[in-house]
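Working notes, structure below.
When a residue number appears, it is its place in the shown sequence, counting from 1. Keep in mind it's a predicted model, so treat the numbers as computed, not measured.
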Amino acid sequence: MTRHPLQRVASPSRSLSALIHILGMVSFMASFSYLHLFPRELHLGFGGAFKFLTIIGLGLALVTFAFGLLADLTLSPSLFRIKNVLSVCSAPLAVLISTLYWGICAINKSLVVPPDMAIPVLPDVGFHAMPAIMLTLDLMFLSPPWTVKGYGAMTISMTIAFFYWGWVELCFSKNGWYPYPIFEILNTWQRVLLFTFSALLMTGSTMALKWVYGKINSIEKFKKDALRPLKDE
């Protein structure tokens, strides 16, 4: 099997990569199909389902894997680089979404899902776990090392967090309600703290993924960089 010039796994990298990207895309598209088959009131109004960070992350995961599959089929280094650039945003974001969602659900699920809007376990996993699982697999076994360091990761995370906050407030100005119940009970400064914490958590997830990559692939420098993200930048 022809080896992709930038592929992490030496053999059979192209077929394994294509299989993972296809399985990921099937899962992500099944989640989008669920939105159309079982529409919810919260998905209506300005912004549609993309009011939710979960759906934004799901869409970014789908785009990332689409570029990955195209790179598998064409062996294009340019497409593979685009996939890797997208992965720097989509993988930590997916891990953040899973961490926040399941963590908050363990405390009080009604803070993120209204009681009358609960969904079955399988689609719940599809929305809130599969993107993180598939993007992590792609990163660990099918991608070249990330070069992003602490300040870069923090800049990306802060940008995404406060861009999403601005988007949520715009949707609220049009709809008169927030996508997540937790936003309804927080004042402005509490939201600032929430989004700042989320950005820091996403930065942490980036460094954690980098550390695990170094551990799996025996790259000591990556493990050290992840543990000291702000040093020597």
Side-chain angles (χ1 to χ4, degrees), residues 28 31-64 86 88-133 135 153-209:
F28 306 153
S31 294
F32 276 114
S33 295
Y34 183 88
L35 294 178
H36 292 287
L37 292 173
F38 303 98
R40 304 297 176 99
E41 185 177 348
L42 287 176
H43 299 156
L44 304 178
F46 181 82
F50 286 93
K51 294 186 291 293
F52 295 87
L53 185 62
T54 297
I55 306 306
I56 294 174
L58 183 66
L60 186 56
L62 179 58
V63 171
T64 301
L86 290 171
V88 173
C89 296
S90 59
L93 179 60
V95 172
L96 170 69
I97 290 168
S98 289
T99 302
L100 286 176
Y101 178 79
W102 297 109
I104 294 173
C105 283
I107 299 170
N108 185 351
K109 191 170 185 177
S110 65
L111 292 174
V112 287
V113 181
D116 58 338
M117 296 289 178
I119 60 176
V121 173
L122 189 58
D124 202 8
V125 170
F127 283 115
H128 300 107
M130 286 304 295
I133 292 170
L135 284 163
M154 187 177 296
T155 299
I156 293 171
S157 301
M158 286 289 184
T159 300
I160 291 175
F162 284 92
F163 174 82
Y164 179 65
W165 185 21
W167 170 242
V168 165
E169 293 297 337
L170 176 61
C171 291
F172 176 79
S173 70
K174 303 286 187 180
N175 299 322
W177 43 269
Y178 288 105
Y180 295 107
I182 191 172
F183 294 155
E184 300 280 359
I185 63 176
L186 299 179
N187 61 35
T188 299
W189 285 109
Q190 289 170 332
R191 290 191 203 112
V192 170
L193 291 175
L194 175 63
F195 283 99
T196 300
F197 171 76
S198 297
L200 293 175
L201 188 59
M202 182 173 169
T203 302
S205 70
T206 303
M207 293 299 100
L209 288 170

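From Met154, atom CE reaches atom CE of Met202 across 12.5 Å, with rounding to the nearest 0.5 Å. Residue Leu86 holds its CG atom at 6.0 Å from CG of Leu60, rounded to the nearest 0.5 Å. In this structure, CE on Met117 lies 13.5 Å from NZ on Lys109, to the nearest 0.5 angstrom.
When every heavy atom of Gly57 is checked against every heavy atom of Ile97, the shortest pair comes out as CA-CD1, 3.9 Å. Taking every heavy atom of both residues into account, Val95 and Ser205 meet most closely at CG1-CB, 3.7 Å. Taking both residues in full, the closest heavy atoms of Ser90 and Thr64 are given as OG-OG1, 3.1 Å, listed atom of the first, atom of the second, then distance. The heavy-atom pair separating Pro131 from Gly126 by the smallest distance is CD-O, 3.3 Å. Nearest heavy atoms, Ala161 versus Phe195: O-CD2, 3.4 Å. Among all heavy-atom pairs drawn from Ala94 and Leu135, the shortest one is CB-CD1, 3.7 Å.
By the side chain to side chain donor-acceptor pair (under 3.5 Å) test, Asp124 pairs with Tyr101, His128, sequence neighbours left out. When the ring-ring contact (aromatic ring centres under 6.0 Å, His included) test is applied to Phe50, no partner is found at least two apart in sequence or on another chain. Take Gln190 and apply the side chain to side chain donor-acceptor pair (under 3.5 Å) test, not counting sequence neighbours, and it matches no residue. Residues satisfying the side chain to side chain contact (heavy atoms under 4.5 Å, CB included) test with Thr196, not counting sequence neighbours, are Met158, Phe162, Val192, Leu200. In this structure Lys174 satisfies the salt bridge (Lys or Arg N to Asp or Glu O under 4.0 Å) test with no other residue, sequence neighbours excluded. Here Asn187 pairs with nothing under the side chain to side chain donor-acceptor pair (under 3.5 Å) rule; sequence neighbours left out. Looking at residues two or more places apart in sequence or on another chain, you find a side chain to side chain contact (heavy atoms under 4.5 Å, CB included) between Leu194 and Phe183, Leu186, Ser198. Not a single ring-ring contact (aromatic ring centres under 6.0 Å, His included) links Phe32 to another residue, sequence neighbours left out. Taking Ser173 as the reference, Leu170 meet the side chain to side chain contact (heavy atoms under 4.5 Å, CB included) condition, with sequence neighbours excluded. Not counting sequence neighbours, Tyr164 has no partner by the side chain to side chain donor-acceptor pair (under 3.5 Å) test. Evaluation of the side chain to side chain contact (heavy atoms under 4.5 Å, CB included) rule for Ser31 yields Leu58, Phe127 as partners, not counting sequence neighbours.
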Query raised in the report: So Leu111 and Ile185, side-chain contact (heavy atoms from CB on, under 4.5 Å) or not? Walk me through it.
Result: CA-CA 9 Å; Leu111 292 174; Ile185 63 176; 3.7 Å; yes

Report task. Show your reasoning for whether side-chain contact (heavy atoms from CB on, under 4.5 Å) applies to Thr54 and Tyr180. Result -> CA-CA 11 Å; Thr54 297; Tyr180 295 107; 3.4 Å; yes

Query - Pair Ile55-Leu35, side-chain contact (heavy atoms from CB on, under 4.5 Å): steps then yes or no - result: CA-CA 10 Å; Ile55 306 306; Leu35 294 178; 3.9 Å; yes

Query raised in the report: Hey, mind stepping through Leu93 and Leu53 against side-chain contact (heavy atoms from CB on, under 4.5 Å) and telling me if it holds?
Result: CA-CA 9 Å; Leu93 179 60; Leu53 185 62; 4.1 Å; yes

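Between the Glu184 side chain and the Tyr178 main chain, a donor and an acceptor come within less than 3.5 Å of each other.
Between Trp167 and Phe46, the distance from one ring center to the other falls under 6.0 angstrom.
Residue pairs satisfying the salt bridge (charged side-chain N to carboxylate O under 4.0 Å, His left out) criterion with at least one member in residues 47-56, sequence neighbours excluded, are absent.
Counting non-hydrogen atoms of other residues, nucleotides and ligands closer than 6.0 Å to CG of Leu122 gives a total of 12 or fewer.
Considering only heavy atoms from C-beta on, Cys89 comes within 4.5 Å of Ile156 through its side chain.
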